[in-house]
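So the structure is just underneath, and the comments pick up after that.
Keep in mind the model is a prediction, meaning the values are calculated, not measured. Within every chain, numbering begins at 1; the chains are lettered A, B, ... in the order of the sequence lines, protein sequences first and strands thereafter.
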Protein chains: 2
Amino acid sequence: MMSTIHSPQSTYSISDLSKEFDITTRSIRFYEDQGLIKPKRRGQTRIYSLKDRVRLKLILRGKRLGFSLAETRRLFELYDADKSSSTQLNTMLDLVNEKKSALQQQMDDIKVVLMELNSAEQQCKAALEDNSAKKNK
Amino acid sequence: MMSTIHSPQSTYSISDLSKEFDITTRSIRFYEDQGLIKPKRRGQTRIYSLKDRVRLKLILRGKRLGFSLAETRRLFELYDADKSSSTQLNTMLDLVNEKKSALQQQMDDIKVVLMELNSAEQQCKAALEDNSAKKNK
DNA sequence: TGCAAACTTTACCTTTACGTAAACTTCATA
DNA sequence: TATGAAGTTTACGTAAAGGTAAAGTTTGCA
């Protein structure tokens, strides 16, 4: 099932994607189960499109940022949703603003922790030099 | 058990902390269970120190960044560890660098997602204006 | 002294995000 | 043709991070 033609591929097998993103096929099927991706089928074999691949990338990035699969699915749904419904658009705006402020908070957290880690690193290095100066094992 | 004196308090009850950080007492005891904090006891009542409070804050910040409790505990352990053991110091350096690059990656992720969210926000607003111009419900 | 609020332990329950195993089908190819 | 790789479904298991309930202390204070 492994496709050999590279570059701008337009369909992918499940193992193509599991290798590319270094996740198990189990995970990919699970995301489908949860309604995050909807690959076509050829017989009972799943055929993934470019859109599916983009979504996978978004799912994984979301995960790195602590989004639950349910949250990510919600974002997908809204993104696909009816653009003529003002109610939907407002719901989306609310969600977007919620996410934005959460991410701002995360940015701030990260900056603080990075500074602390840098400081810890310096202390470690200093202590190591100190140790080697004193020549104790 | 609620202490009434404010400002630089030096001990706290479990409910003091649960209120301050807006988490349940169950969570606080769970963190203790997992070896992240070690409050003193008066009888069987837990007495939390400033250090415990700082750790709680660190635990929660870690959680916001997607650190597991086990990871946070590991960082605490290394921080408390023997500063004369070069092996330990090197282990710590490794862990610190690992965390640093993960956080850098997160920062990059966040920047991308923030840009996308901003763009989504603009599109929503434009669509809303469009809708109201066309006066459809 | 005697309640009510706050504290405690113990223990089982829940959700999320998969892992793992079993048993089956499809397909290329030796 | 048969064997092995890759795919599939179904189903049970698991780890993390608590929630919740039961049943029992402790303590302030009216």
Please tell me whether [X] and [Y] have a donor and an acceptor in their side chains that are separated by less than 3.5 angstrom.
X	Y	value
B:Ser27	B:Thr24	yes
B:Asp109	B:Gln105	yes
A:Asn131	B:Lys83	no
A:Asp52	A:Ser49	yes

Think [X] has a side-chain N or O under 4.0 angstrom from the OP1 or OP2 of [N]?
X	N	answer
B:Arg29	D:dA17	no
B:Tyr31	D:dG18	yes
A:Thr24	C:dG19	yes
A:Lys63	C:dC18	yes

Specify the separation, in whole Å, of atom [atom1] of [X] and atom [atom2] of [N].
X	N	atom1	atom2	result
A:Arg41	C:dT25	CZ	P	16 Å
A:Asp22	C:dC18	CG	C1'	15 Å
B:Phe30	C:dC12	CZ	P	16 Å
B:Asp33	C:dT8	CG	C1'	13 Å
A:Ile14	D:dA6	CD1	C1'	10 Å
A:Arg73	C:dA17	CZ	C1'	13 Å
A:Arg46	C:dT25	CZ	C1'	14 Å
B:Glu71	D:dA16	CD	C1'	12 Å

Test salt bridge (Lys or Arg N to Asp or Glu O under 4.0 Å), reference A:Glu32, set A:Arg46, A:Arg73, A:Arg55, output is A:Arg46
[X] has a side chain; which of [options] sits nearest to it?
X	options	answer
A:Ser15	D:dG7, D:dT26, D:dG19	D:dG7
B:Ser13	C:dT9, C:dC18, C:dC7	C:dC7
B:Thr45	C:dC7, C:dC18, C:dT9	C:dC7

Looking only at N and O atoms, is any donor in the side chain of B:Arg26 or the base of D:dT20 less than 3.5 Å from an acceptor on the other one?
yes
Would you mind telling me which residue lines up with the more 5' stretch of DNA chain C, A:Leu69 or B:Gln44, judged by nearest nucleotide?
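Residue closer to the 5' terminus by nearest nucleotide: B:Gln44.
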Once you apply a heavy-atom cut-off of 4.0 Å, does A:Thr25 come out as touching a base, just sugar-phosphate, or nothing?
nothing
